[in-house]
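For clarity, every value in this text was computed on a predicted model and none was experimentally measured. In what follows, every chain begins at residue 1, and chains take the letters A, B, ... in the order their sequences are listed.
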2 protein chains.
Amino acid sequence: MTGTETAAMTARPAPGYGEGRQALLAAAVHVVATRGLRHLTYRSVAQEARVAHGLVAHHFGTRDALLEAALEFSLANSVGSISAAPGSGDLEAIFAGVVEMVQANPDDQAFQYELILEARRRPELRPHVVQVYATYRQALRNELDAAGIRADDALVHLVFAAVDGLVFQQVCLGDPDAAGAGVKRLRDLLRPLA
Amino acid sequence: MTGTETAAMTARPAPGYGEGRQALLAAAVHVVATRGLRHLTYRSVAQEARVAHGLVAHHFGTRDALLEAALEFSLANSVGSISAAPGSGDLEAIFAGVVEMVQANPDDQAFQYELILEARRRPELRPHVVQVYATYRQALRNELDAAGIRADDALVHLVFAAVDGLVFQQVCLGDPDAAGAGVKRLRDLLRPLA
DNA sequence: GGCGGAACTGTCCACCTGGACAGTTGTGAC
DNA sequence: GTCACAACTGTCCAGGTGGACAGTTCCGCC
């Protein structure tokens, strides 16, 4: 336990009565994002949440169920608008702020990528992933339409995958400037389609 | 252990004398890709490789070292040309066959994505990841140049991230048709730049 | 204050894991 | 055949884990 972690432990207050479940969900996201799925144990997540490790079994029953609940929690907390000005048709507003958001809080993205990979092995996670991807793609289609771009499935799929890739690389290799420049170039490529 | 796995166990021959190290590397890739990093243990990888688990310590010393060696192994085995006709300038040849390759062997890609995420937590993995990404980007730049597209860093970064995202989604959600259509649309977007 | 139920704690236990290590086997050189 | 060394095996052990569970605490209602 490094000094940094000690400080973090001291700073995080123990959850109040009735707040344990929420604290465990947030803790699971953090542990997975920073240490990987391998280190998500009853004890590590409980320690992160400042509760006893038996509470994991109490609220979630199993580690797997905790993970599924944490994925739902993370996705519910991260779904936002893909445009800074929804419905405006302003291409510059599409994906505006994404890079900054990822830079400010890479843990949620990292957690989600970890769980998306895990969904290959855990069928019960898959519907959540599919649902969120579909939601984002539909929103993107709407924004492209508003911008005067007739977006077929392939274009929507590509554009969303491009941003997915930019974010993945930003999270993993940490170069927000390159990600931002990539988003700009993406808009440049889309502009002539309007 | 399911019937399928039993058959796989029966089918995979024990490595010959002196082949254990290689077998363990390939086994590590397979175990991580199919079961996740969490289930990569001395015993699971040894079982997959049909050797005794002590051989992991013998050849690699630690689990971490095995992982690093497996990443190098995987990257070395997967780096190929990004164009079906390198240097030809043929846009249709860029990324040709990528979707089919991923579909035929998703394990390598999945393994790499797992390790790329792990690189966030394991500094010693990072140089390998950075190196391969850089290699691919340089190759992409060369192909775009040959196609008459003056590709700045941002465009190269975007195009590569787009394919990264398409492959990631293909590996995780398994829709090669959408990935293929995405690649085509990517070429469509690039064509006017030539 | 008493009660019931939910939230929470901390102990227990069977099993698993990383890795050390002594002993065995295989190989190539002489 | 002998020797040296690398590859390999399988046992051992301290520590960690998932999860069960009895007991404690908290809370809202009466």
Q.
Nearest whole Å is fine: how far is C/dA7 P from A/L25 CG?
A. 13 Å
**Q.** Nearest-angstrom distance from the residue atom CD of B/E19 to P of C/dT27
**A.** 10 Å
(Q) Test salt bridge (charged side-chain N to carboxylate O under 4.0 Å, His left out) on B/E118 and B/R63; report intermediate values, then the result. (A) CA-CA 13 Å; B/E118 182 77 353; B/R63 181 184 175 281; 5.5 Å; no
(Q) Regarding A/V51, tell me which of base, sugar-phosphate or nothing describes its non-hydrogen contacts under 4.0 Å with the strands shown. (A) sugar-phosphate
Q) Does anything in residues 79-102 of chain A pair up under ring-ring contact (aromatic ring centres under 6.0 Å, His included), and if so which pairs, sequence neighbours excluded? A) none
(Q) When you measure from the side-chain N and O atoms of B/H59 to the phosphate of D/dC8, is any distance below 4.0 Å, counting only OP1 and OP2? (A) yes
Q) In terms of ring plane angle, is the pair A/Y113 and B/F168 parallel, tilted or perpendicular, where the classes change at 30° and 60°? A) perpendicular
**Q.** Euclidean distance, atom CZ of residue A/R50 to atom C1' of C/dT9 [Å, nearest integer]
**A.** 15 Å
Q) Which atom pair, heavy atoms only, marks the closest approach of A/G20 to A/L55? A) CA-CD2, 4.1 Å
Q: Encode nucleotides 14-25 of chain D as B, S and - characters from 5' to 3', where the letter depends on protein heavy atoms closer than 4.0 Å: B to the base, S only to sugar-phosphate, - to neither.
A: ---BBB------
Q | Length of the CZ-C1' vector between A/R21 and C/dA6, whole Å | A | 13 Å
(Q) Let's go through A/L189 and B/L193 carefully: what are the C-alpha distance in whole Å and the side-chain angles of both, what is the deciding distance for side-chain contact (heavy atoms from CB on, under 4.5 Å) to 0.1 Å, and is it a yes or a no? (A) CA-CA 9 Å; A/L189 291 183; B/L193 305 183; 3.7 Å; yes
Q: Would you mind checking if B/R137 and B/D153 are paired as a salt bridge, meaning a charged N to carboxylate O distance below 4.0 Å?
A: no
Q. Can you tell me how far C1' of C/dT9 sits from CD of A/Q47, to the nearest Å?
A. 16 Å
